[in-house]
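Everything numeric in this text was worked out from a predicted model, so none of it was measured.
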Amino acid sequence: TNGNPEGGRKAMENLLQKDPSINVIHTINEPAAAGAYEALKAVGKEKDVLIMSVDGGCPGVKNVQAGVIGGTSQQYPLKMAAMALEAIHTGKLPEIDPAVGFFDTGAQLVTAKPVDGVPSITVEEGLKLCWG
């Protein structure tokens with residue numbers, strides 16, 4: 001997709017040609033998700049496919065609010081940068097969170113349709129924390 005709407009649209013068109021029964025997709029970022037949504041909308045399938053994405057920028061969270069994206073993993077670039085600078089300053093990497101197996105930078109799922117057992121925050125909370 002090259003991380004952009006045009007690439008997302010083209011990729012979704014190609015996927016639909018190979019398998020028109022697709023019902024869930026995960027995109028590299030929210031601009032690609034917006035393009036995928038446009039491709040789905042063009043063929044009347046926008047209600048049939050759950051689109052999930054990554055980043056959590058303000059435009060993407062607004063697309064969750066509008067129903068374009070089902071949810072997005074909201075990342076926090078300033079926290080990531082602060083953790084990196086702290087690691088450089090101290091010469092020590094942050095502790096790996098054993099529950100997830102990686103450096104936890106606080107990413108959270110933003111969705112308008114929470115699912116029991118899947119931790120998430122509301123769109124309103126996501127809009128307060130978004131960036132860009």
Side-chain angles (χ1 to χ4, degrees):
T1 68
N2 290 322
N4 64 55
E6 297 79 20
R9 182 182 178 110
K10 184 66 176 165
M12 190 75 247
E13 290 169 349
N14 290 339
L15 288 169
L16 288 169
Q17 287 177 9
K18 292 192 181 285
D19 185 354
S21 68
I22 291 171
N23 61 5
V24 177
I25 64 164
H26 184 273
T27 63
I28 186 91
N29 64 11
E30 293 140 356
Y37 177 82
E38 289 304 316
L40 292 165
K41 189 174 175 183
V43 295
K45 290 184 161 273
E46 72 273 16
K47 303 277 189 222
D48 301 334
V49 179
L50 173 63
I51 301 173
M52 300 299 289
S53 198
V54 176
D55 277 344
C58 294
V61 175
K62 288 176 183 172
N63 273 343
V64 172
Q65 186 176 44
V68 170
I69 303 172
T72 190
S73 177
Q74 188 170 56
Q75 302 180 80
Y76 304 104
L78 293 177
K79 183 174 181 179
M80 292 175 185
M83 288 174 74
L85 290 173
E86 181 66 19
I88 292 167
H89 176 73
T90 64
K92 296 180 185 177
L93 291 174
E95 293 293 319
I96 292 177
D97 183 331
V100 294
F102 55 82
F103 304 125
D104 186 357
T105 59
Q108 300 182 85
L109 174 64
V110 178
T111 185
K113 297 177 182 176
V115 175
D116 287 341
V118 180
S120 64
I121 63 173
T122 66
V123 170
E124 292 74 23
E125 291 170 300
L127 286 170
K128 289 178 187 172
L129 298 169
C130 68
W131 43 270

Handout entry: Distance-only polar pair, side chains of Thr72 and Ser53, donor-acceptor under 3.5 Å
Key = no

Handout entry: Minimal non-hydrogen separation, Glu46 against Lys41, with atom names
Key = OE1-CA, 3.3 Å

Practice task
Indicate the atoms forming the closest heavy-atom contact of Pro59 with Gly132, along with that distance.
Solution key: CD-O, 4.1 Å

Handout entry: Gap separating the CG atom of Leu109 from the OG1 atom of Thr122, nearest 0.5 angstrom
Key = 11.0 Å

Exercise for the section: Decide whether Met83 and Ile88 are clustered together by the hydrophobic rule: side chain heavy atoms of Ile, Leu, Val, Met, Phe, Trp, Tyr closer than 4.5 Å, transitively. Expected result: no

Completion exercise
With sequence neighbours left out, the residues meeting side chain to side chain donor-acceptor pair (under 3.5 Å) with Asn23 are none

Problem - Flag, side chain of Glu30 to backbone of Asn63, donor-acceptor distance under 3.5 Å - result: no

Handout entry: Connected via hydrophobic side-chain network under 4.5 Å: Val64 and Val54
Key = no

Practice task
Of all the heavy-atom pairs spanning Trp131 and Pro77, show the shortest one and how long it is.
Solution key: NE1-CD, 3.5 Å

Problem - Pro20 backbone acceptor or donor facing Lys45 side chain under 3.5 Å - result: yes

Problem - Cluster overlap Ile96 with Leu93, hydrophobic side-chain contacts below 4.5 Å - result: yes

Problem - Distance in Å, Leu40 CG paired with Ile51 CD1, rounded so as to fall on 0.5 Å steps - result: 5.0 Å

Problem - More than 12 heavy atoms from other groups under 6.0 Å of CG on Asp97 - result: yes

Handout entry: Gap between atom CG of Asp104 and atom NZ of Lys79 - 0.5 Å precision
Key = 6.0 Å

Practice task
Provide the closest heavy-atom pair for Ala42 versus Arg9 in the form atom of the first, atom of the second, distance.
Solution key: CB-NH2, 3.7 Å

Problem - Hydrophobic cluster membership, Leu50 vs Val118, 4.5 Å side-chain cutoff - result: yes

Exercise for the section: Could you tell me whether Glu124 and Lys128 make a salt bridge, using a distance below 4.0 angstrom between a side-chain N and a carboxylate O? Expected result: no

Exercise for the section: Please round to the nearest 0.5 Å and tell me the distance separating atom OG of Ser21 and atom CG of Leu16. Expected result: 9.5 Å

Practice task
Work out which heavy atom in Ala34 is nearest to a heavy atom in Val68; give both atom names and the distance.
Solution key: CA-CG1, 4.4 Å

Practice task
Look up atom CD in Glu95 and atom CZ in Phe103, then write down how far apart they are to the nearest 0.5 Å.
Solution key: 9.0 Å

Handout entry: Spacing of CG belonging to Asn4 relative to CD1 belonging to Ile28, to within rounding of 0.5 Å
Key = 12.0 Å

Practice task
Over all heavy atoms of both residues, which pair between Ile22 and Ile25 is shortest? Give the atoms and the distance, please.
Solution key: CG2-CG2, 3.6 Å

Handout entry: Side chain proximity check, Gln108 to Pro119, heavy atoms < 4.5 angstrom
Key = no

Problem - side-chain contact (heavy atoms from CB on, under 4.5 Å) partner of Val61, chosen from Ile69, Asp55, Val110 - result: Val110

Exercise for the section: Following the transitive rule for hydrophobic clusters with a side-chain heavy-atom cut-off under 4.5 Å over Ile, Leu, Val, Met, Phe, Trp and Tyr, establish whether Val115 and Val24 coincide in one cluster. Expected result: yes

